[in-house]
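For reference, positions follow the sequence shown, starting with 1. Only this structure's heavy atoms are used, side chains among them; waters, hydrogens and symmetry mates stay out. Counting starts at 1 for both ligands and their atoms, in listed order.
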Amino acid sequence: MDMARRGALRLLQGVREGRSLGDLAGLLAALAPADQARAGRLAAETLRHRDRADAVIAAHVRRWPAPPVADVLRLACVEMLELGGAAHGVVDAAVDLVRGQGRGGAAAAGMVNAVARKIARHEGWQALPPQRMPGWLREPVVAAWGEDAARAIEAAHQAGAPLDLTLKPGAAAPPGAQPLPTGSLRMRTQGQVSALPGYAEGHWWVQDAAAALPVRLLAPAPGERIADLCAAPGGKTLQLAAAGAEVTAVDLSAARLARLDQNLARCGLSATVVAADALEWRPAAALDAVLLDAPCSATGTIRRHPDLPFLRDGSGVADLVALQARLIDHALSLLRPGGRLVYAVCSLLPAEGEAQIDAALARHPGLAIEPPDLPGTLPGWITPARGLRLRPDHWPDRGGMDGFFMARLVVPGAT
Ligand SMILES: C[S@@+](CC[C@H](N)C(=O)[O-])C[C@H]1O[C@@H](n2cnc3c(N)ncnc32)[C@H](O)[C@@H]1O
């Protein structure tokens with residue numbers, strides 16, 4: 001039985017029902033690890049190319065099929081035209097899959113057979129434009145950076161994301177790792193991460209090159225007392241601890257903190273881990289620095305999470321912006337005079353980044369923003385107000401980066 005394709009269809013159905021691929025991973029628990037990985041990849045690629053697949057399918061059907069049947073055709077289309085799957089095998093599999101869908105599916109088997117064969121011969125796949133961002137995201141992106149930038153970001157979403165690593169200081173890089181200008185490592189090949197040399201020894205952890213920059217911007221020094229206020233699963237906590245800081249990692253989610261604990265143990269690093277609402281947490285003494293990697297729309301991570309555009313409608317953004325502002329105010333109140341806050345979001349929305357920092361500076365007289373002069377970053381990434389704006393279409397020849405905004409703020413007083 002075709003476990004991986006069946007698994008992929010269950011994932012696609014789950015996303016149609018409003019659940020994320022991450023949350024749905026448990027559905028595949030009974031599959032062999034290789035089938036789980038393949039099912040996840042097939043579902044992710046089908047979502048990444050869904051609009052293009054729909055354009056191809058629409059050219060070959062008389063009536064749009066029921067959603068489960070449409071998913072079978074989308075999967076077959078992406079497998080044949082994007083992933084290079086052999087037509088006969090994919091068409092036969094599509095017919096089997098649709099037969100497995102009960103009476104409605106069996107009735108559609110003939111149509112699926114005919115349409116999948118036509119899709120296999122379809123010309124012009126590569127010329128179809130990449131999937132557009134949903135309007136609630138595209139409009140602010142176009143307003144901020146223009147139509148060309150929006151298209152370049154969409155092309156980056158279609159291209160997907162490489163595997164980036166952050167190396168523990170002094171540890172050996174795994175074979176094949178390419179150093180990036182900002183200090184991260186990029187792997188040429190994707191594969192099972194835990195099988196790569198140095199994983200079990202905790203020599204490195206997975207972290208997108210853009211996601212590694214907030215801690216570099218914070219520039220932690222050994223012995224400094226630093227809170228990581230939204231810390232789980234802990235990529236940035238690991239960086240802070242590896243720099244020798246005395247770190248307290250705070251997060252609301254006990255389940256996500258369990259992953260942070262595992263990451264610390266694997267890498268032989270230590271931090272004080274606190275499950276709490278950051279808005280209510282207060283240390284005994286004022287801190288040298290705070291890292292606030294705030295909860296956000298995560299719209300900078302669509303390359304890694306192609307399900308995200310299908311799960312959100314932008315309606316939660318106003319609440320997130322309000323929460324981020326409260327978290328910034330609380331974080332500032334934890335700092336000693338001259339202490340610093342790095343605010344970061346993996347968002348493409350200026351409301352969560354640039355505008356959030358403008359508003360914080362207006363609310364807090366004396367608060368200053370320091371220029372993000374980090375090795376390997378380009379001057380064009382620095383905003384007029386001296387934030388650092390990273391986009392998926394940056395480094396197009398190197399494989400892009402996640403979308404992020406970050407800024408380094410300093411409260412008044414002795415440094
Ligand atoms: C962007 S993720 C953090 C990623 C993390 N910094 C890393 O590098 O691995 C945001 C985190 O904020 C946490 N969170 C959301 N609201 C929170 C709150 N009020 N207090 C503390 N943590 C919160 C979520 O559980 C989530 O783990």
Side-chain angles (χ1 to χ4, degrees), residues 20 22-23 161 164-166 168 182 184 193 202 204-218 220 226-243 245 247-267 269 271-283 287 289-305 308 312 316-317 319-334 341-349 352-353 356 390 401-407:
S20 72
D23 285 350
D164 290 351
L165 312 177
T166 297
K168 192 172 161 185
T182 50
S184 293
V193 170
W204 46 261
W205 51 94
V206 173
Q207 187 173 41
D208 184 81
L213 290 180
V215 172
R216 295 194 207 281
L217 187 59
L218 190 76
I226 300 181
D228 183 355
L229 281 193
C230 293
K236 299 175 188 74
T237 304
L238 296 175
Q239 284 178 285
L240 292 167
V247 191
T248 305
V250 181
D251 201 284
L252 201 53
S253 160
R256 286 169 64 90
L257 281 174
R259 285 171 60 202
L260 185 143
D261 279 328
Q262 287 163 8
N263 284 327
L264 283 168
R266 178 176 65 82
C267 295
L269 294 167
T272 304
V273 177
V274 180
D277 185 336
L279 289 169
E280 279 157 26
W281 179 79
R282 189 164 280 280
L287 298 166
V290 171
L291 178 73
L292 174 58
D293 186 22
C296 71
S297 62
T299 41
T301 66
I302 291 175
R303 297 182 317 153
R304 295 172 197 287
H305 301 291
L308 190 143
R312 307 270 171 87
V317 172
D319 285 350
L320 285 168
V321 169
L323 173 62
Q324 290 153 4
R326 290 176 65 205
L327 285 164
I328 289 174
D329 292 350
H330 183 69
L332 291 171
S333 79
L334 307 181
L341 164 68
V342 165
Y343 171 77
V345 274
C346 56
S347 168
L348 291 178
L349 293 170
E352 298 184 284
Q356 192 65 269
L390 305 173
M401 60 174 68
D402 281 354
F404 249 93
F405 173 86
M406 62 199 74

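- Residue Leu327 has no nitrogen or oxygen atom sitting less than 3.5 Å from a nitrogen or oxygen atom of ligand 1, judged on distance alone.
- Close approach of ligand 1 to Ser253 is summarised as follows: ligand atoms under 4.0 Å from at least one heavy atom of the residue are 25 (O).
- When hydrogens are left out, the protein atom nearest atom 9 (O) of ligand 1 is Gly234 N, 2.9 Å; that is the closest non-hydrogen contact.
- Between the OH atom of Tyr343 and the CG atom of Leu332 there is a distance of 12.0 Å, given to the nearest 0.5 Å.
- With a 4.0 Å heavy-atom cut-off, ligand 1 is reached by no atom of Leu291.
- The closest protein non-hydrogen atom to atom 12 (O) of ligand 1 is Cys230 CB, 3.2 Å.
- What sits closest to atom 24 (C) of ligand 1 on the protein, heavy atoms only, is Asp251 OD1, 3.5 Å.
- Rounding to the nearest 0.5 angstrom, the gap separating the CG atom in Leu390 from the CE atom in Met406 is 4.5 Å.
- Within the 4.5 Å cutoff, the side chain of Leu229 has heavy atoms near those of the Leu334 side chain.
- When each atom of ligand 1 is checked for a heavy atom of Gly235 under 4.0 Å away, the hits are 7 (C), 8 (O), 9 (O).
- Looking at Ala232, Pro295, Cys296, Ala278, it is Ala278 that brings a heavy atom closest to atom 20 (N) of ligand 1.
- Contact analysis puts Asp277 in contact with ligand 1, with a non-hydrogen atom separation below 4.0 angstrom.
- Heavy-atom proximity to Arg256, at under 4.0 Å, picks out these atoms of ligand 1: 2 (S), 25 (O), 26 (C), 27 (O).
- Closest approach of Val345 to Ala294, counting heavy atoms only: CG1-O, 3.9 Å.
- Arg282 is listed as a side-chain neighbour of Ser333, based on a closest heavy-atom distance under 4.5 Å.
- Nearest to atom 10 (C) of ligand 1 among the protein's heavy atoms is Asp293 O, 3.8 Å.
- Atom 17 (C) of ligand 1 has as its closest protein heavy atom Leu252 CD2, 3.6 Å.
- Distances from ligand 1 to the non-hydrogen atoms of Thr237 include no value under 4.0 Å.
- Using a non-hydrogen distance threshold of 4.0 Å, Cys346 does not register as a contact of ligand 1.
- Remark: ligand 1 atoms within the under-4.0 Å shell around heavy atoms of Leu229 are 21 (C), 22 (N).
- A heavy-atom distance below 4.5 Å is found between the side chains of Pro214 and Phe404.
- In this structure the side chain of Leu240 reaches within 4.5 angstrom of the side chain of Leu218, judged on heavy atoms.
- In this structure, Arg216 and Ser184 have side chains that are in contact, with non-hydrogen atoms separated by less than 4.5 Å.
- In Ala276, the part holding a heavy atom less than 4.0 Å from any atom of ligand 1 is the backbone.
- Partners of Ser297 according to the side-chain hydrogen bond (donor to acceptor under 3.5 Å, both in side chains) rule, which considers only residues two or more places apart in sequence or in another chain, are Thr299, Ser347, Glu352.
- Ion pair Asp228/Lys236 not flagged as a salt bridge, since none of the NZ, NE, NH1 or NH2 atoms sits closer than 4.0 Å to an Asp/Glu carboxylate oxygen.
- Contacts with ligand 1 closer than 4.0 Å are made by backbone heavy atoms (N, CA, C, O) of Ala231 only, the side chain lying farther away.
- Here the protein heavy atom with the shortest distance to atom 8 (O) of ligand 1 is Lys236 NZ, 2.8 Å.
- Side-chain contact between Trp281 and Val274: present, with at least one pair of heavy atoms (C-beta onward) separated by less than 4.5 Å.
- The ligand atoms of ligand 1 that sit less than 4.0 angstrom from a heavy atom of Pro233 are 9 (O).
- Every side chain to side chain contact (heavy atoms under 4.5 Å, CB included) that Leu279 has, sequence neighbours left out, goes to Asp277, Leu323, Arg326, Leu327, His330.
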